[in-house]
Amino acid sequence: MALGIMLVLTIVLTTVITFTASGARDSKRVNAGQKATALAEAGLGNALAVLNQNYPCVECYPGVTTLLTPARTTTYTTGSVDWSGVIAPAPIGSGWSYQWNLTSRGRVTNPTGPSASPVVRTVRAVVPIIIPTVTEIGDNNPLNFIYSKLDLTFPQSVDVASPIYATRDLYLQNSSAISEFIGNDPSSPNRAAVGGVMHGEQNANRFGHVNCGGPTEPACILKPPNCGAPSPVPACPPANNTYSLGEIYVVGGCKTRAYDNYSAIHSCRYGDITFAQPKIDQLWGVTTGSVIPPDFLDYTPQLTCCYPYPNNALLAPAAGPGVYSNMGRLYETAHLGPRSPCTTGSVPFTFDGAGGPDNLINNSATPTGTPAINLTPRGVGAASVWSYECRSAQGILKWDNQNKKLTVEGTVFIDGSATIDSPPNAQATVAGQGALILTGTFMMKNSLMCVKTVGSGMGTVCDGTAGAWDPDLSSFIVVADGDGGYDTTQNQGNTVLSGDGIVLKTSKFQGGLIANKDIEVATTSEMQGPMISVYNDVTAGQTGLLTFPPLNFAPSGGNSAIGPVPTAQILPPRQFGGG
C-alpha cells in the first residue's frame, strides 16, 4: 500500500513539474510573440513615418517606388524588425488607384533554446495613394486663360475681359475688343499674348481703352465711339496708363484697319498716350513688346494619349515611349470611372465598355452608332425617374431632375461622348468642383448649364455679375479628346463637325472647356469660363461681355488634363492584418 501511495505521489509530482515547466515555456513563448508583434508594429510605424515625410509628393504620382525597398532592418533591445513597402495597383472599386502595401516582420529569440527558430510575427497594412479632388493653381495657369494652340477668333461684338493667349494668330472682327481689365475690375489689369499676327479687321477693334471710365479718366484718352471722345483730342499727361492692359505681347506683328486699312502686316504701333504718332494699331499696354516672357504661362498645355494603354491614333498625340499620357493617367486615377465605379448608387450609362473596364481608351462607352451620353436626362413621367446619383470614396456624379441640378465632384472619366440638353427655361445649375473627362466630344444645343442663373423662361442666362460665380466653391470643367469627324456618335447630329471637339450652339455655359480639337462657341451662345484648345483653334462667337473670375483652385482632373500630374497624397493606413 505504501509503495502504491508513493507511486501515485511520484506520478502527481512529475505531472505537476511537467505542466509547470510547459506552462513556463508557453508563457515565455507568448511573451516572445507579444514582443515580436510589438516590434512588427514599430516597424510599421517606421514605414509610415517615411511615407509621411515624403507625401504630399509634387508631380511624382503615385510615388517614389524605392522609398521602402529594399527592406530595412531596425534592431531594438528585445529583437529586430524588417520593414518594407511596395506600390501596387489598387483593386478595382477601392476608391483609389494605387496603394502602398506595407509589410513588417518582428523577430525575437526563441526562449525555448538556442537551437529553436526565432519567434516571428508579421503585420501588414495598406496606405491608399490619392490625387486630391481640387488643386491649387496660380494666375499663370492656363486655366485662367482663353488659349489656342493655333488661331483665336472673336467674330462678334464682344468685350473680352479675361486673359488671352494665342500661339498663332488672333482675329478681332466686327467690334470685338480686349478689355484692359479682368472682369472690368480696374484693380485687375488684363494680359494678352499673341505668338503670330494680331488682326484688327475693323476700326472699332482695340486692346485696351474699352471702358468709358469716369471722372478719373483723362479727356485725352482715345475712347470707344459711344463714350463721346472730344475732337480734337486734347494733350494728355505723359505715362498715363490708367486704361491700358497690364501686359501685351505680339510676336508676329499687326494687321489692322486702324493703322493701314488692313493692307499689310507691320511692326505693331502701340498707342502713344501723348498721341504724337500719326497712326497707331489701337493697342495700349503698360508693358508691351514682341517677345512673350517664358513665365507668361506656368506650362504649355498638352493632352496626350494613351500609354500605359494601347495607343489610339484617333485621339490626342501619343505620349513618348514609356511616359504616362494625360489620358492614360486620368483613366487610372479618376475618382469615378472605369477603375472606380459607383460604390453607392448608379448611373444610366457606362463609364467604359458594357463589360466593365477593358483597359482600352477607345470610346467604348458610346461606340459608333449609339447616342452620346446625356448628363441631364428628362422625359415623360415623374421627374425622379430621370434622376441618378453615383458616389465613390472621393467622386460624385448626380443629376437631380426635380430641381434641375447637376453635381460633379472630383474627376469623372467616360470613355465616350456626352451632351447636356437641359433647356434655358429649366434653369439647370451645376455644383461641386469637378472635371468630366471624355474620350469623345462634348456638345450643348439650345441648352443651359450655369453655376447661378438670372432671368426667367427661355430668357434665362448665366449670372455674370461680379461675385455671382465663385470658382473656389463650384467649378465644372469639361475635357474632350474627340473629333466630330471620327464617327456619327461624335458628330452628335451634325452639330460637332470634323475638326471640332467641343461645340456650344445657342447655349449658355458657366465653367471650363478644354479640347484636343477646335472649340466653337456659336449662334448666340454665351460662355463664361476658360477655353483651351490644346492643339487647334478657339472661336468664341458671342456678343456682350466674355469674362470669368480667376480660378485659385481647380478640379485636379481639369488641371492634369493639360499639364503636370497634381500632387500625390496618402490616406491613413487601413486593412491591417498579419500573424
Side-chain angles (χ1 to χ4, degrees), residues 89-98 130-131 133 303-316 318-319 324-375 377 388-399 406 408-420 434-443 477-483 486-490 492 501 514 516 555-558 560-561:
I92 294 175
S94 299
W96 55 88
S97 300
Y98 285 91
I130 64 166
I131 286 179
T133 57
L303 184 58
T304 57
C305 201
C306 295
Y307 185 83
Y309 306 101
N311 185 56
N312 187 334
L314 297 180
L315 297 176
Y324 258 88
S325 67
N326 301 86
M327 294 298 289
R329 182 71 76 190
L330 288 163
Y331 185 97
E332 286 193 351
T333 62
H335 303 111
L336 276 173
R339 297 187 58 81
S340 185
C342 309
T343 53
T344 59
S346 63
V347 291
F349 50 83
T350 62
F351 294 114
D352 206 353
D358 55 14
N359 292 325
L360 295 172
I361 299 178
N362 57 358
N363 307 122
S364 59
T366 55
T368 301
T370 62
I373 291 169
N374 184 6
L375 299 174
Y388 62 84
E389 182 173 358
C390 169
R391 293 175 179 265
S392 66
Q394 291 181 274
I396 302 174
L397 180 61
K398 175 182 178 182
W399 168 240
L406 179 69
V408 184
E409 194 72 46
T411 302
V412 179
F413 191 106
I414 296 177
D415 192 10
S417 300
T419 184
I420 288 174
L436 174 66
I437 314 298
L438 303 171
T439 59
T441 61
F442 178 75
M443 184 271 289
I477 294 176
V478 178
V479 180
D481 198 27
D483 186 324
Y486 290 164
D487 56 37
T488 56
T489 295
Q490 297 199 43
Q492 300 209 41
I514 301 173
N516 171 7
S556 293
S560 62

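Bear in mind the structure is a predicted one, so any value in this text is a computation, not a measurement.
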> Got Ser346 and Tyr388 here, is their nearest side-chain heavy-atom distance under 4.5 Å?
Replying inline: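 They are not in contact (no side-chain heavy atoms under 4.5 Å apart), so the answer is no.
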(Q) Is there a side-chain contact between Pro357 and Phe351 in this structure, where contact means two heavy atoms from C-beta onward sitting under 4.5 Å apart? (A)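 When only atoms from C-beta onward are counted, Phe351 and Pro357 do not touch, as no gap falls below 4.5 Å.
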Minimal non-hydrogen separation, [X] against [Y], with atom names:
X	Y	result
Thr489	Gly369	OG1-N, 3.0 Å
Thr411	Ser556	OG1-C, 4.3 Å
Ser94	Pro91	OG-O, 2.5 Å
Met327	Cys305	CB-SG, 3.8 Å
Asp415	Asn362	OD2-OD1, 2.9 Å
Tyr309	Leu360	CD2-N, 4.5 Å

Check whether any side-chain N or O of [X] sits under 3.5 Å from a backbone N or O of [Y] as a donor-acceptor pair, and report yes or no.
X	Y	result
Thr304	Ser325	no
Thr441	Gln490	yes
Asn326	Ser560	yes
Thr439	Gly416	yes
Ser392	Leu336	no
Asn363	Thr366	no
Ser340	Gly93	no
Asp352	Asp358	yes
Trp399	Pro377	yes
Thr419	Met443	yes

How long is the straight-line distance from [atom2] of [Y] back to [atom1] of [X], given to the nearest 0.5 Å?
X	Y	atom1	atom2	result
Cys390	Lys398	SG	NZ	12.0 Å
Ile373	Ile414	CD1	CD1	4.5 Å
Leu330	Asp481	CG	CG	10.0 Å
Cys306	Arg329	SG	CZ	14.0 Å
Ile396	His335	CD1	NE2	11.5 Å

**Item:** side chain to side chain contact (heavy atoms under 4.5 Å, CB included) between Phe349 and Asn374, intermediate numbers included
**Value:** CA-CA 9 Å; Phe349 50 83; Asn374 184 6; over 6 Å; no
- Task: With side chain to side chain contact (heavy atoms under 4.5 Å, CB included) as the test, would you mind laying out the steps for Leu436 and Leu375 before giving the verdict?
- Result: CA-CA 11 Å; Leu436 174 66; Leu375 299 174; 3.5 Å; yes
Item to complete: Report the residues that fulfil ring pair (Phe, Tyr, Trp, His ring centres under 6.0 Å) with Phe413, sequence neighbours left out, ordered by chain and then residue number.
Response: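 For Phe413 the ring pair (Phe, Tyr, Trp, His ring centres under 6.0 Å) partners, ignoring immediate neighbours, are Tyr331.
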#### Entry: Exercise: do Ser417 and Gln492 side chains pair donor with acceptor under 3.5 Å
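Judged by distance alone, the side chains do not pair up.
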- Do Asn516 and Asp483 pass the side chain to side chain contact (heavy atoms under 4.5 Å, CB included) test, and can you show the C-alpha distance, the side-chain angles, and the key distance before you say yes or no? CA-CA 8 Å; Asn516 171 7; Asp483 186 324; over 6 Å; no
